[in-house]
Amino acid sequence: MDRQVLGVNDVTMQFGGVVAVNNLSLHVNEGEIVALIGPNGAGKTTAFNVITGVYAPSNGQVVFKDNVISSNYPHGKFRKKYLGEQETMDKYSVVKSMTPDKITKLGVARTFQNIRLFKNLTVFENVLIAKHMRSKANFLSATFRLNYKEEKQNRDETMELLKILGLDDVKDEVAHSLPYGKQRHLEIARALATKPELLLLDEPAAGMNPQETVELTQFIKKIKDDFNLTVFMIEHHMDLVMEISDRIYVLDFGKLIAEGTPEEIQNNQRVIDAYLGVQQDE
Amino acid sequence: MNMSKKTKNICTAILILVAVILITLFDNDVIGNAYIKRVLNLAAIYAIISVSMNLVNGFTGMFSLGQAGFMAIGAFTVAVFTVPAESIPSIFYIEPMAPWLAAIRLPFVVALLVGGLIAAVLALIIGYPVLRLKSDYLAIATLGFSEIIRIVFTQMQTITNGALGIKCIPGITTMWVPFGAAAICIGIMVLLINSSYGRAFKAIREDDIAAEAMGINLSFHKNLSFAISSFFTAIAGGLFASLLTAVDPKQFYFTLTYNFLLIIVLGGMGSVTGTIIASFIITGGLEWLRFFDEPLSVMGYNIPIFRAGLRMVVFSLLLMILVLFYRKGIMGQKEFSWDGIYNWIMKVKTRLSRKKGGA
Ligand SMILES: Nc1ncnc2c1ncn2[C@@H]1O[C@H](COP(=O)(O)OP(=O)(O)O)[C@@H](O)[C@H]1O
Ligand SMILES: [Mg+2]
């Protein structure tokens with residue numbers, strides 16, 4: 001049987017009266033590329049934010065490998081205001097929410113829909129920062145450079161990664177001065193530097209032209225193989241999604257409306273009505 | 001255009017040598033006078049505080065306004081523990097100093113470090129609850145803390161001598177003490193800023209959500225930066241007490257903090273060298289602005305607005321102008337570099353020669 005890497009179980013995310021994600025259950029197996037698609041405002045980014053610990057879910061559970069990374073149920077004063085599915089309301093009884101840094105340390109890395117680079121730092125520094133998490137030096141040994149061996153190793157590894165990803169020629173440039181496409185690449189490079197097993201990409205091809213999108217498709221395939229990754233991504237470019245996904249989940253108004261292989265999704269009437277048909281009209 | 005590494009090193013060596021010679025000359029009263037020396041010493045102490053403040057506000061992207069409070073902790077620690085035993089009865093004439101406290105006399109350096117550690121622990125006590133929150137409540141919390149410290153010190157009659165303060169603190173005998181301390185403290189902070197931890201601080205400043213997604217523990221690093229900053233602020237506070245030889249709680253009104261805020265804004269949030277330069281400009285400038293506080297009469301007529309307090313009005317105006325029109329300060333986030341100076345000279349030169357060519 002395929003080994004499950006990510007499990008999202010009955011997750012509901014409610015902001016006040018808005019149910020951004022409603023009773024979402026999905027899983028991603030080791031070595032897969034899985035896509036999450038759906039119209040704008042469907043709750044895709046919110047789902048990513050719950051998985052990476054930015055938000056604690058209102059109900060449900062997120063599991064990464066054997067670790068429960070967050071779990072919650074509507075309790076206390078939130079119980080009355082809970083607008084998600086009622087039947088799963090009492091399924092969970094544990095409250096747990098790991099902070100995003102702990103989840104990253106477990107092996108989940110992500111990129112952001114609106115690029116979030118360290119704008120005033122160089123490309124090299126942007127990637128090097130990912131090494132801090134696994135460094136053993138404490139602040140005193142780091143200040144007095146007793147960690148010079150580790151620091152050198154971190155720098156070497158960063159340089160190597162930049163070379164593999166073709167960013168070594170711009171390594172001393174300030175991140176915000178890079179062209180848009182390179183910034184997207186840098187964000188992926190930075191995520192890879194945390195040595196993830198699961199990579200979450202939030203609209204990596206947003207704002208790219210068809211040519212760049214094709215290149216990105218190849219790039220994602222390449223890093224998946226080179227770094228032994230499992231990829232879970234949100235994307236609107238259907239060519240890209242249909243070409244590289246093993247499986248696709250479709251979200252609409254916070255609810256899952258379909259799941260399946262690219263062929264199944266392309267022929268699913270509900271998906272065509274809710275999303276694909278609309279897209280082609282544009 | 002770049003200078004060779006050797007030239008740069010020579011330039012740096014010359015700069016250090018000039019500083020050493022100047023301090024030696026001042027110290028031996030060859031040049032300057034007691035007043036100028038005092039202003040320079042104060043500027044060196046303010047430089048430590050401002051760089052510490054910049055560590056939190058400029059490098060980690062938080063907003064702390066507790067400098068006066070942390071300075072007070074350092075200042076009173078030095079005052080309480082270094083004032084000579086024989087002077088204690090005459091200073092604490094209203095209520096005597098607590099006997100257990102009077103029994104502990106510490107060397108200056110030890111008292112400095114104790115003050116620093118107390119400040120760091122207090123910073124963690126404030127920081128732990130406040131810095132966990134996503135929004136930045138640190139400014140309000142530190143401002144409140146600073147006032148609380150001042151009021152507590154005013155009340156602790158048997159420890160701090162209350163509103164009377166403590167006199168007869170052994171003074172600084174040589175300029176090497178504040179300048180040496182500044183070199184060490186700022187040096188350590190520069191090393192920290194350029195280390196792996198400093199990079200984590202900058203990442204938090206640039207984008208805390210992304211920093212957290214890169215595995216940086218926000219609460220831990222924010223607390224660390226805040227505690228280190230408070231440690232050095234208190235050390236500087238101790239030097240301040242020794243420089244003035246007398247402290248009382250009134251010196252640590254929260255308005256004192258605005259001096260440092262002005263310095264880091266002028267110097268550049270995120271620039272250590274800018275902050276040091278600005279410390280000397282502002283400290284000197286504030287002394288110079290003192291004439292606003294004195295009565296001024298023109299042709300026998302006393303201009304009514306020239307009276308105590310006007311200096312702070314002018315000062316506030318300057319701060320406002322600075323924030324409105326000159327937000328990046330002298331250096332922005334850049335550091336002083338010989339290349340920068342060289343390029344600047346070259347630019348001026350070409351501009352001058354172009355003018356000549358045109359004429
Ligand atoms: N922090 C938040 N507070 C309130 N509402 C939010 C928040 N984040 C997302 N939402 C709402 O959740 C819904 C889904 O948003 P999002 O997940 O960004 O959609 P998608 O990524 O699929 O375009 C939107 O209606 C959005 O306004
Ligand atoms: Mg989105």
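From a predicted model like this one, the values you see are computed outputs, not experimental measurements. Order of the sequence lines fixes the chain letters, A, B, ..., with proteins taken first and strands second; residue numbering starts at 1 for each chain.
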Can you tell which of B:Ala213, B:Ala211, B:Gly270, B:Ala203 has the highest number of heavy-atom pairs within less than 4.5 Å of chain A? B:Ala203
Pairwise side-chain contact, [X] with [Y], heavy-atom cut-off 4.5 Å (strictly under):
{"X": "A:Lys102", "Y": "B:Asn217", "value": "yes"}
{"X": "A:Arg145", "Y": "B:Asn194", "value": "yes"}
{"X": "A:Leu121", "Y": "B:Arg205", "value": "yes"}

What part of [X] lies closer than 4.5 angstrom to a heavy atom of chain B: side chain, backbone, both or neither?
{"X": "A:Arg110", "result": "side chain"}
{"X": "A:Phe112", "result": "side chain"}
{"X": "A:Ala109", "result": "neither"}
{"X": "A:Leu140", "result": "neither"}

Counting heavy-atom pairs closer than 4.5 Å to chain B, which one of A:Asn147, A:Thr194, A:Asn120 comes out on top? A:Asn120
I'd like to verify something: which residue of A:Arg190, A:Glu125, A:Lys131 has the highest number of heavy-atom pairs under 4.5 Å with chain B? A:Arg190
Go through it in stages, so that I can follow the logic: the residues are B:Ile216 and A:Ile129, the test is side chain to side chain contact (heavy atoms under 4.5 Å, CB included), and I'd like the CA-CA distance, side-chain angles, deciding distance and then a yes or no. CA-CA 9 Å; B:Ile216 292 167; A:Ile129 280 163; 3.6 Å; yes
Grab the two heavy atoms, one from [X] and one from [Y], that are nearest each other, plus how far apart they are.
{"X": "A:Phe118", "Y": "B:Met214", "result": "CZ-CG, 3.9 Å"}
{"X": "A:Ala137", "Y": "B:Tyr197", "result": "O-OH, 2.8 Å"}
{"X": "A:Ser135", "Y": "B:Ser196", "result": "OG-OG, 4.5 Å"}

Contacts of residues 148-171 of chain A with chain B (heavy atom under 4.5 Å): A:Glu151, A:Arg155
Need one label for B:Ile228: side chain, backbone, both or neither, based on atoms under 4.5 Å from any heavy atom in chain A. side chain
Out of curiosity, A:Met133 CE to B:Glu212 CD, how far, rounded to the nearest 0.5 Å? 12.5 Å
Atom pair CZ (A:Phe139) and CZ (B:Phe220), whose distance is rounded to the nearest 0.5 Å: 7.5 Å
In sequence, state the C-alpha distance, the side-chain angles, and the governing distance for A:Asp101 and B:Leu218, and then conclude on side chain to side chain contact (heavy atoms under 4.5 Å, CB included). CA-CA 8 Å; A:Asp101 56 296; B:Leu218 289 188; over 6 Å; no
Do other residues, nucleotides or ligands put more than 12 heavy atoms under 6.0 Å from [X] [atom1]?
{"X": "A:Lys96", "atom1": "NZ", "result": "yes"}
{"X": "A:Phe15", "atom1": "CZ", "result": "yes"}
{"X": "A:Lys224", "atom1": "NZ", "result": "yes"}

Carefully, step by step, assess A:His132 and B:His221 under the rule side chain to side chain contact (heavy atoms under 4.5 Å, CB included). CA-CA 11 Å; A:His132 182 66; B:His221 285 87; 2.8 Å; yes
For A:Lys105, which residues count as a salt bridge (charged side-chain N to carboxylate O under 4.0 Å, His left out) partner, sequence neighbours excluded? none
